2 protein chains.
Amino acid sequence: MDESELAGKGLAISTVERETGLAKDTLRVWEKRYGFPAPDRDANGERVYSRDQVEKLILIKRLIDRGTRPAKLVRLSMEELLARTDPGVGAADDPPQLVEILQLVKTHSAVELRKRLEQALLEQGLEEFLRATAAPLSPIVGDAWMRGEIEVFEEHLYTETLQILLRSAIAAHSRPDGAPRVLLTTFPGEQHILGLLMAECMLWIHGATCVPLGPQTPVREIVLAAETQRIDVVGLSFSPAYPGQTAIDTLAALRAMLPAGTEVWAGGSNPALFRRRIDGVLPVREVSAISDAVVNWRASQPRHVD
Amino acid sequence: MDESELAGKGLAISTVERETGLAKDTLRVWEKRYGFPAPDRDANGERVYSRDQVEKLILIKRLIDRGTRPAKLVRLSMEELLARTDPGVGAADDPPQLVEILQLVKTHSAVELRKRLEQALLEQGLEEFLRATAAPLSPIVGDAWMRGEIEVFEEHLYTETLQILLRSAIAAHSRPDGAPRVLLTTFPGEQHILGLLMAECMLWIHGATCVPLGPQTPVREIVLAAETQRIDVVGLSFSPAYPGQTAIDTLAALRAMLPAGTEVWAGGSNPALFRRRIDGVLPVREVSAISDAVVNWRASQPRHVD
DNA sequence: TTCCATGATTTGTCCTAGACAACCCTACGT
DNA sequence: ACGTAGGGTTGTCTAGGACAAATCATGGAA
């Protein structure tokens, strides 16, 4: 049924689906239309993908998530694809402080990385750390990975380190119980929680109450939770990999099922959130915009100004 | 393409796949073979699943994960399925302390739940808390959900609360740097990290060094990380929902790619891990078995006994 | 020029129908 | 009691086709 990758023989289509995020149907239809990927076949006529093809597919997927169309990418060579990875934010433009941290990720110095991030947090304070370090770092690390400068496990190491740091920053102090009460989660299929965690920090700073539900809560359950937990705002996070149309549709469905008094805030680096306005949903472009959102929310409340 | 669930019209097959964990192919072939699920069709002839069918599918999936075969389940009615949810560990058998906590989950009292867990942690100490509270609670909560006694969001709330508690228990103190150095992660497709976190706590107690990579690291990346981080033991966790055969195959592949000196420990409530022994992989049945594993590892090391 | 509406193309997902290998279980024979 | 052979079960794969929604490109009006 599934042999994953026994001794470098190649990968089955289901493994490729998991590792790239491209559906089996998509992989097959690309093969027919564009001639890529062109996997070998095993004795049963089943597709066997090489490691190289999978790496190229992952790269293509990331470029598509960023907004390029498949037809312009799938036929390109690896070199041509890499030439497109420069996101306009070249390494030269980045603040030297961030480049320094990226360097630690590249050399997978887990302990040093942790120390450096802790130090930055202490120097800058949580809010500035989020704005100037944590938030801009994620796309930089992502781009570095695309250019092959860091490995996947190094990205994992970075994510995990940052997560531990942010969590302990919140947990160390008592939790506020001010308004608004914000439920934080993602839709099913969206696994990235770093954005959620940064939002939680920002909300915590501004005295809002957070009810974190972890990732992947179905819409109906979000509505149930919002009712029983007396939620004022539902906060969702969307990474670039999340299908934009699904995000918009599901947000609309959530909006419709939620009481009118409950707001919906959507953040993350997914471009679909900001292409067109979604009725009854507040797009949050940056972590720093969360503080404005909180202030505005409080101002809009009839008499509950504290 | 995807309409998720606009105004209760029903769910598309891709949504059902995400929410149940059953592949589209599986859903279609069950329909042909067993006559269930039997979704309506929209104007384009595409399947439209009702909320009821999806709930039944989720229940069936959990029962299958526990070891029952589909043919014996798929034709059953909802009542007959529910009759099978009693896992032999009836609520009556459970320690009153755990039942009490379950009660807090049922009433979604987030704050109370947090306090109660914190109190248990203080009373019992971390090791006993893991053994007597955290570890046995997860299946109890899962079963309560199957019987419809708690909602999905309540399960999320519980998981998140416990996670925060365990993370802060570790983060509050300095990290040990003793041997063995253990890399902790899951394979792609396995998202549950509670097991990983409990393992991390246990290892931390016993002075081992943990290198958490978060969930879903591809095998090749695990090997890379193990080499660069001078890892002695790779620890993997498997929930019941993870396909057993894939677990075994991928563990074997990992074992083959890893240096002989690096051990592989596999834990979690997935039954496949314990059905038959896997060459070169140490199965860890309970969190408490981790301490033995550490002791044995240290004894097996030539001269590094500290 | 800028803006909007229309038509063409691209693209992901869905459909049917069939095939097969690997697994589980049973029953038989040693 | 133990192991092995056969038969049923099950998930995943194949192919080729279809279509709606999204995007892009074109042309006309302000």
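Quantities reported herein were computed from a predicted structural model and do not represent experimental measurements. Atoms considered below: every heavy atom in the structure, side chains included; atoms not considered: hydrogens, waters and symmetry mates.
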(Q) For a quick check under 3.5 Å, do B:S14 and B:E17 share a side-chain donor-acceptor pair by atom type? (A) no
Q. According to a strict under-4.0 Å criterion, is A:R41 in side-chain N/O contact with OP1 or OP2 of D:dA15?
A. yes
**Q.** Gap between atoms CG and P, on A:L63 and C:dT11 respectively (whole Å)
**A.** 14 Å
(Q) Does a side-chain N or O of B:R47 approach OP1 or OP2 of C:dT16 to a distance below 4.0 Å, or not? (A) yes
Q.
Below 30° counts as parallel, above 60° as perpendicular, anything between as tilted: where do the rings of A:F187 and A:F238 land?
A. perpendicular
**Q.** A:E190 and A:S239: side chain donor to acceptor below 3.5 Å
**A.** yes
Q.
Checking side chain to side chain donor-acceptor pair (under 3.5 Å) between B:Q216 and each of A:R18, A:Q191, A:H156, which is the one that passes?
A. A:Q191
Q) Tell me: CG of A:L27 to P of D:dT14, nearest whole Å? A) 10 Å
Q.
At less than 4.0 Å, is any side-chain N or O atom of B:Q245 found next to OP1 or OP2 of C:dA22? Yes or no.
A. no
**Q.** Length of the line joining A:K32:NZ and C:dG12:P, which is rounded to integer Å
**A.** 14 Å
Q: By nearest nucleotide on DNA chain C, pick out whichever of A:R69 and B:G45 is the more 5' one.
A: A:R69
Q: Please determine, for the side chain of B:I13, which listed nucleotide (C:dC15, D:dG17, D:dT14) has the closest atom?
A: C:dC15
Q: Respond yes when some side-chain nitrogen or oxygen of B:R28 is under 4.0 Å from OP1 or OP2 of C:dT16, and no when none is.
A: no
Q) With respect to the phosphate group of C:dT10, does any side-chain polar atom (N or O) of A:Y34 fall under 4.0 Å of OP1 or OP2? A) no
(Q) With a 4.0 Å limit, can you tell me whether A:T26 has a side-chain N or O closer than that to the phosphate oxygens OP1/OP2 of C:dT11? (A) no
Q) Can you tell me if the side-chain N/O atoms of B:R33 get under 4.0 Å from OP1 or OP2 in D:dT9? A) no
**Q.** Whole-Å distance separating the CG atom of A:L73 from the C1' atom of C:dT11
**A.** 13 Å
Q.
In whole Å, I'd like the distance from the CZ atom of B:R275 to the C1' atom of C:dA22.
A. 13 Å
Q: Check the surroundings of atom CZ in B:R41: do more than 12 heavy atoms from other residues, nucleotides or ligands lie under 6.0 Å from it?
A: yes
Q) Looking across every strand, which nucleic acid part, if any, lies under 4.0 Å from B:K24 by heavy atom: base, sugar-phosphate, or nothing? A) sugar-phosphate
Q | Proximity to the side chain of A:A71 - top-ranked nucleotide from D:dT10, C:dT10, D:dA22 | A | C:dT10
Q. Rounded to the Å, how far apart are A:K61 NZ and C:dT11 C1'?
A. 14 Å
(Q) Side-chain N or O of B:N44 versus OP1/OP2 of D:dA20: is the shortest distance under 4.0 Å? (A) yes
Q. Tell me: CG of A:D25 to P of D:dG16, nearest whole Å?
A. 14 Å
Q | Proximal nucleotide (of D:dG11, D:dT14, C:dC25) relative to the B:P70 side chain | A | D:dG11
**Q.** Residues A:D143 and A:R62 bridged, charged N to O under 4.0 Å
**A.** no
Q: Could you please name the option among D:dG11, D:dA22, C:dC14 that lies closest to any side-chain atom of B:E46?
A: C:dC14
Q.
Expressed as a whole number of angstroms, how long is the span from A:R276:CZ to D:dA21:C1'?
A. 12 Å
